[in-house]
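In what follows, a single structure is set out as structure tokens and then discussed.
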Amino acid sequence: MPVFHTKTIEAILDPVAQQVSQLVILHEEAQDGNAMPDLSNPVMAVSAAVQNLVKVGKDTANSTDDKILKQEMPPAFTGVEESSNKLAEAAMELKRDPYSSPARKKLIDGARGILSGTSDLLLCFDQSEVRKIVRVAKGVLEYLAVSEVVECLEDLVTFVKNLSPGMANMANKVTSRSKELTHTAHANGLINHTENLKRTTPVLVSSMKIFVTVLKKGGAGRDEAQQNRNYIIGCMSHDVNEIIRILQLTSADDDELS
Amino acid sequence: EQILEAAKAIAAATSALVKAAGYAQRELV
């Protein structure tokens, strides 16, 4: 059985995957000795649905500025279209010979191909959505580095004003994403690092305030205050980098977080 | 959203096909 990366993809494809598995078992146990009915109509319905998906997919790919999505779409289209053609061939062959074993095998291969091709297509779009979240996280990462140049209270206020909405936006997106993942370890990793960031953001602001105050009072204890602030920035940067890394994992990367 | 709807339509059509093929042999759950 295939492993689906997100709950949305799983909800759409898993019931069909189970049905295809049952058909495979029937075929492999040689319990499919009865005459196959005319499958022309259901195969045509699959073909129409595939053509619609390809059309919608091409429209979306044409309108996006995500270059990776544009590159990854065509092979996914080809996979699902080839499987649809295979189904049509199987239906024709079964119409001629309702007992044909090679045609039954072709039917199963076609159904499996439709599943994996549709899964690949959905994964392409899903990864495009992931890249949008990664961009937000990278923005936060870059902005965290700005904290090292804040040396007065006015700049600190500006820094906090800019950091807070960015951090909240990222946390919301990452939390939503964690709820979508079927891989528990990946989901928990995202939640844990997001919680770390929520906890350490006020600590960072405090450490920056101490640093600014130390500078204002003449600089005694500057090194310690700076080291403390930099340590917190390091921890937060680590959490954001881990979020970026985990976001980009797929279900195939099962052992990445073990 | 449109992609998801299109994928749902494929899933439904494939399910109907597999059932049609399966019913001929043995009822699928």
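All heavy atoms count here, side chains included; hydrogens, waters and symmetry mates do not. Here the structure is a predicted model, which is why all the values come from computation and not from measurement. Chain letters run A, B, ... following the sequence lines, proteins first, then strands; residues in each count from 1.
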Could you give the distance from [atom1] ([X]) to [atom2] ([Y]), rounded to the nearest 0.5 Å?
X         : Y         : atom1 : atom2 : value
Ser47(A)  : Ile10(B)  : OG    : CD1   : 9.5 Å
Gln2(B)   : Asn52(A)  : CD    : CG    : 8.5 Å
Ile3(B)   : Asp126(A) : CD1   : CG    : 12.0 Å
Glu1(B)   : Phe125(A) : CD    : CZ    : 13.0 Å
Leu115(A) : Ser15(B)  : CG    : OG    : 10.0 Å
Lys8(B)   : Leu13(A)  : NZ    : CG    : 11.0 Å

Measure across [X] and [Y] and return the closest heavy-atom pair with its distance rounded to 0.1 Å.
X        : Y        : value
Leu53(A) : Ala7(B)  : CD1-N, 3.9 Å
Ala11(B) : Val16(A) : O-CG2, 3.5 Å
Pro37(A) : Ala20(B) : CG-O, 3.7 Å
Ala49(A) : Ala13(B) : CB-CB, 4.4 Å

Neighbour count above 12 (heavy atom, 6.0 Å) for [X] [atom1]:
X         : atom1 : result
Lys7(A)   : NZ    : yes
Lys138(A) : NZ    : no
Lys105(A) : NZ    : no

At a 4.5 Å cut-off on heavy atoms, which part of [X] comes close to chain B: side chain, backbone, both, or neither?
X         : answer
Leu87(A)  : side chain
Leu94(A)  : neither
Thr8(A)   : side chain
Leu122(A) : side chain

